[in-house]
Student: 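Encoded as structure tokens, here's the structure I'll be asking about.
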Amino acid sequence: MNLKKVFLVAVLAVSQVAAAIPAWAAPVSTESTTPQSVNEAANTADTQLQPESTDPLPPLVTEPPAGTVIPTPTPAPVPTASPVQGIPAVTATPVPAATVVPGATAAPVDGTVPTDAVMPTATPLTDTPMNPSMTTSATGGGQLILMMNSNKMFRNGTPYTANQPMAVKNGVSYVSIRAMVEMVGVAFTYDAKTKEVIVTKGTSIMRFKTDSKIYTVNGTKFTMKGPAYQFKGTFMIPLTSITYALNIPYTVDNVQKRVILTLNTKPTASFTVQPKEIYAGETTVNYVTSSSSPNGTPIVEERWSDNKRDIYDQAGFYTVTYSVRDANNMWSDPYPVTIQVLQPNQPPVAQFTTDKEEYKMGEPVTLTDTSYDPENEELTAVWNNRSLAYFNPGPLSIQLTVTDKRGLSSTFEKTITITNEQLYTQDEVTKLFTIPGDIISMDGGMIPSLPNLPYTLSSEGYNLIRSNSPETVNTEGVLYRESSVGNTRFLVHHMNNMATRQKLYVIATNNNLYPTTITTQYLGVAGPVTLPEYTGKVSMEKYFNSMITGLAQSQITLQPGQSLPIMTDLNKNAMKPKDVMSLSADLFSDLPVQYNVVIVEESKDPVAELPYLPILDSDGVHTRGTFPDSTRIMNVTDLVGATQSKLLLGDNKLDKNLDGIDPMKGTVVSNAGNFGVLYKIVLERVAANTLITFNPRGGPYLGPLLVNGTMVNLPNKGTLGKSSDTNAVIYRTGEYEGRVEIVFSVASGSNLPVNFVFTPLPAKK
């Protein structure tokens, strides 16, 4: 071998050894940015796919050219090395494998430490920067450039050598995770037992496992386009996955064969202000700050704008900014918050008027509340000594107290005079002037003996699915399963008796060969709360309101074989132990649909769980079943109100229970109480001056109904049915005979039977 060849071989060997020396212990910038995408990822549930469809990088060389010599790098510790944040200070003693990522040498199976576990300080390559613009910006930004088909990297113009070049495997571009995280400046370790790289950015912990496509962020799973793997002791990971996890935007330069990553190394700062409402000269402002540096660089200074105050003397808008500086002397962007300072709260003004100053005994007193609040806040009004009329002669004082939401109140008092002359009796006043929804007293003992109105009965073909047994649910499972086509009505009412939070679902499945469309017509959902009467009342209020407004109408199309939760207001919130949910709804489907009412633990996917859930048995007390023709139309053509009469519902004698089938057992069932039945009562002729009241007979009652399209609460306050004497006023006719239509359905949690009572009114004076 001649001298020239010997010289060339020597030069090549030296250059190869130099290129193999790791550059990773060089001081890494500890400037940081808030990991927004990581924080957002930590709040998402279940496995998620990266937002990418194809790998944007061209094919790369995965192996060095033939004949290239790649010697095993030898650590070269330097005594004066500066420690990298998150990595122990460099010494000549190897570090345990569980604390660092293996570099060029794979972790031995015998438990010994890889040779590159010791991280020496290395001088960056002396190559000339590819572009003078590749320098750190004054605002904390920077660039990391990865060269394709090469292990060279440039951080802010300074070249470094990666322990492995970018590689393409099965169409996915891979990079050394160690090279990436060290260049970005975040902490990492390697757990040899689990074969995981653990990356820490701020408060977020990311775990990447060898030979797995799944990585986690604070326990939440994400799916990569290809599995991580180890090659010659280097942990390789899809480039697009690590950039997404670390929230690093990048571009691909196919002309110069490079990938350009944009780094933002500034710290971040933010703050909130408490309380929400701040009043000039009164409220002490509390500033709750937050600042972070992803690689753990300490925050050493904070700065506020001059208009930060603990107490603001004047009302108005004040924009306050907050900034922080880290130990690398890098300032965050100022974080602004505009604070609205309100005028000091003024007490409300209570006042009312009467239509007269002097009244006869039994003469209606009209009170008009004219109270107001200077800040236009909603006020709570409490009356003292208010009545429809008064029956004791002499001066009489009436008081009104109004209170705003901050607790300031005001009281107004007015005195009127009651004369010795009488206009109406107390019973006459009650019948003539009580507003709809309020309670009056009527002799309950005589009501059952009143004649029942004759009517003709017809029905509309709504298939009622009543899911109410087991009402108290002790285990996860299917509460109801039925197939229906066309008009379908739902009444669902269940309580969670488990120790864990549960969700209630209605799942629709299309078992047809063609798509089917489900139209929601009317819908009312209430809960979760612990009061069954309340959920029944509110769900029925929402159901009737949807009839009036049409706002609940919606459509969903199911493809063949598809299953989806429908009426999703039902599963919007989880049921705590002892919570109750109620649903009343009308649907229409153009093809048969299988419906499953299920209850499962809140974190579970109900569609995935459905094939494995048991069908729960009924409790033997409450009713479940499918009942046809669940809309009852009662048409009364005779004159109503000329004499006192009643219309009795839900007694199973005059008004028979619907019969149906429990589809889970195949047995005949009776709809006790006719819950879920929609009554449409058409009174063709109601006499002038007729009072219509609602009289529960089976126990307490809470719920609404519609009278001529207007909703009336039963009752406005309190509870009906504590005694048989209580009635709620629902309607009062005027001076002429007319038609009245009542739409009624029993609210879950309440009781039947009930009476509608028709009473002639006393003559007005």
Side-chain angles (χ1 to χ4, degrees), residues 462-485 487-498 502-509 518 520 522-528 532-533 535-536 538-540 542-543 563-572 575 579-587 589 593-600 606-607 609-610 613-628 630 657-678 745-750:
Y462 271 87
N463 219 23
L464 169 63
I465 292 175
R466 181 179 175 186
S467 180
N468 188 211
S469 186
E471 184 174 278
T472 301
V473 186
N474 299 311
T475 185
E476 294 180 1
V478 177
L479 299 161
Y480 205 92
R481 176 172 292 165
E482 177 64 289
S483 292
S484 182
V485 63
N487 289 321
T488 304
R489 177 167 294 136
F490 278 87
L491 182 69
V492 178
H493 186 72
H494 294 285
M495 184 185 80
N496 173 24
N497 199 39
M498 289 170 268
Q502 302 285 314
K503 281 192 173 183
L504 198 59
Y505 296 86
V506 175
I507 300 174
T509 301
I518 301 173
T520 300
Y522 312 124
L523 174 66
V525 176
E533 299 88 354
T535 62
V538 173
S539 66
M540 195 56 63
K542 293 180 178 179
Y543 174 76
S563 294
L564 283 177
I566 60 173
M567 300 181 288
T568 53
D569 282 353
L570 184 66
N571 53 271
K572 184 179 295 183
M575 304 165 67
D579 272 354
V580 179
M581 291 289 299
S582 290
L583 174 144
S584 297
D586 288 356
L587 310 180
S589 65
V593 174
Q594 184 188 75
Y595 298 102
N596 282 274
V597 181
V598 303
I599 187 169
V600 294
V607 175
E609 295 290 326
L610 182 59
L613 292 174
I615 295 178
L616 303 182
D617 199 4
S618 60
D619 57 23
V621 177
H622 302 89
T623 302
R624 74 178 184 189
T626 302
F627 305 93
S630 62
N657 292 346
L658 277 178
D659 289 330
I661 297 291
D662 180 341
M664 283 74 74
K665 290 185 174 181
T667 56
V668 176
V669 290
S670 176
N671 187 10
N674 272 344
F675 286 83
V677 173
L678 188 69
S745 188
V746 186
S748 295
S750 291

Student: Verify side chain to side chain contact (heavy atoms under 4.5 Å, CB included) between Leu610 and Val478, making sure each step is shown before the conclusion.
Tutor: CA-CA 8 Å; Leu610 182 59; Val478 177; 4.1 Å; yes
Student: Under a 4.0 Å threshold between the charged nitrogen and the carboxylate oxygen, would Asp569 count as salt-bridged to Lys572?
Tutor: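 Between Asp569 and Lys572 there is a salt bridge, with a charged N closer than 4.0 Å to a carboxylate O.
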Student: After noting the C-alpha distance and the side-chain angles of Leu504 and Met575, does the key distance pass the side chain to side chain contact (heavy atoms under 4.5 Å, CB included) rule?
Tutor: CA-CA 8 Å; Leu504 198 59; Met575 304 165 67; 4.1 Å; yes
Student: Side chains of Ser483 and Gln594: do they bring a donor and an acceptor to under 3.5 Å?
Tutor: no
Student: Return yes if a side-chain donor-acceptor contact under 3.5 Å exists between Thr472 and Asn497, otherwise no.
Tutor: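 No pair is found: no donor N or O on one side chain lies under 3.5 Å from an acceptor on the other.
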Student: May I ask you to decide if Asp662's main-chain N or O and Arg624's side chain share a donor-acceptor pair within less than 3.5 Å?
Tutor: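 No, because the side chain of Arg624 does not come within donor-acceptor range (under 3.5 Å) of the backbone of Asp662.
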Student: Counting only N and O atoms by type, is there a donor-acceptor contact under 3.5 Å from the side chain of Asp619 to the main-chain atoms of Glu471?
Tutor: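 Side chain of Asp619 to backbone of Glu471: a pair is present.
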Student: State whether the side chain of Ser584 and the backbone N or O of Met540 hold a donor-acceptor pair below 3.5 Å, judged by distance alone.
Tutor: no
Student: Would you please say whether a donor-acceptor pair under 3.5 Å links the side chains of Tyr543 and Asp586?
Tutor: yes
Student: To the closest 0.5 Å, what do you measure between CD1 (Ile465) and OG1 (Thr626)?
Tutor: 5.0 Å
Student: Would a 4.5 Å heavy-atom cut-off, applied to side chains only, mark Tyr480 and Ile615 as touching?
Tutor: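 Result no, sub-4.5 Å side-chain heavy-atom pair not found.
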Student: Within the side chain of Tyr522, is there an N or O that forms a donor-acceptor pair under 3.5 Å with the backbone of Lys542?
Tutor: no
Student: To the nearest 0.5 Å, what is the distance between CG on Leu491 and CZ on Phe627?
Tutor: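 Reported value, rounded in 0.5 Å steps: 10.0 Å.
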Student: On a heavy-atom basis, which atom in Pro565 and which in Val607 lie closest, and how many Å separate them?
Tutor: CD-CG2, 3.9 Å
Student: Is the side chain of Ser539 donor-acceptor paired with the backbone N or O of Thr535 at a distance under 3.5 Å, no angle test?
Tutor: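 Pair found, side chain donor or acceptor close to backbone of Thr535.
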Student: Does the side chain of Thr509 pick up a donor-acceptor pair with the side chain of Ser563 at under 3.5 Å?
Tutor: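 Yes.
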Student: Between Ile518 and Val593, is the side chain to side chain contact (heavy atoms under 4.5 Å, CB included) condition met? List the steps.
Tutor: CA-CA 9 Å; Ile518 301 173; Val593 174; 4.0 Å; yes
Student: Given side chains that start at C-beta, do those of Val600 and Leu613 come closer than 4.5 Å, heavy atoms only?
Tutor: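 In short, these two side chains touch, coming nearer than 4.5 Å.
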Student: In terms of side-chain heavy atoms, does Asp579 have a donor or acceptor partner in Asn496 at a distance below 3.5 Å?
Tutor: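 Distance-only check fails for Asp579 and Asn496.
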Student: What's the shortest heavy-atom distance between Phe675 and Gly749, and which atoms?
Tutor: CE2-N, 4.4 Å
Student: Less than 4.5 Å apart, any side-chain heavy atom of Val506 and any of Phe490?
Tutor: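 In contact.
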Student: Should Leu616 and Glu476 count as side-chain neighbours, where that means a heavy-atom distance under 4.5 Å?
Tutor: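 When only atoms from C-beta onward are counted, Glu476 and Leu616 do not touch, as no gap falls below 4.5 Å.
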Student: Nearest 0.5 Å please: distance from the CG atom of Asp659 over to the OG atom of Ser670.
Tutor: 5.0 Å
Student: Report yes if some heavy atom in the side chain of Lys503 is under 4.5 Å from a heavy atom in the side chain of Ile599; otherwise report no.
Tutor: no
Student: Within this structure, what is the CD-NE2 distance for the pair Gln502 and His494, rounded to the nearest 0.5 Å?
Tutor: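 Reported value, rounded in 0.5 Å steps: 13.0 Å.
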Student: Donor-acceptor check, side chain of Ser748 to backbone of Ser582, threshold 3.5 angstrom: yes or no?
Tutor: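 Flag not set: sc Ser748 to bb Ser582 has no pair under 3.5 Å.
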Student: Using atom types as modelled and distance alone, determine if a side-chain donor or acceptor of Asn468 lies under 3.5 Å from a backbone N or O of His493.
Tutor: yes
Student: Would you find a donor on one side and an acceptor on the other, under 3.5 Å apart, between the side chain of His622 and the backbone of Pro470?
Tutor: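 No; zero donor-acceptor contacts below 3.5 Å.
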Student: Roughly how far, to the nearest 0.5 Å, is the OH atom of Tyr505 from the CE atom of Met567?
Tutor: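 Going from CE on Met567 over to OH on Tyr505, the span is 14.0 Å.
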Student: Give the minimum heavy-atom separation between Ser589 and Val485, together with the two atoms involved.
Tutor: OG-CA, 3.6 Å
Student: Check the side chains of Asn671 and Arg466 for a donor-acceptor pair under 3.5 angstrom, ignoring hydrogens and angles.
Tutor: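 The criterion, which ignores hydrogens and geometry beyond distance, is satisfied for Asn671 and Arg466.
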Student: If you round to the nearest 0.5 Å, how far is CD1 of Ile507 from CG of Asn596?
Tutor: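 It is 6.5 Å, given to the nearest 0.5 Å.
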Student: Could you walk me through whether Thr488 and Asn463 pass the side-chain hydrogen bond (donor to acceptor under 3.5 Å, both in side chains) test, one step at a time?
Tutor: CA-CA 5 Å; Thr488 304; Asn463 219 23; 5.5 Å; no
Student: Report yes if the side chains of Val677 and Leu658 come closer than 4.5 Å at any heavy-atom pair, otherwise no.
Tutor: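 Contact flag for Val677/Leu658 side chains = yes.
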Student: Yes or no on side chain to side chain contact (heavy atoms under 4.5 Å, CB included) for Val473 and Met495, after CA distance, side-chain angles and deciding distance?
Tutor: CA-CA 6 Å; Val473 186; Met495 184 185 80; over 6 Å; no
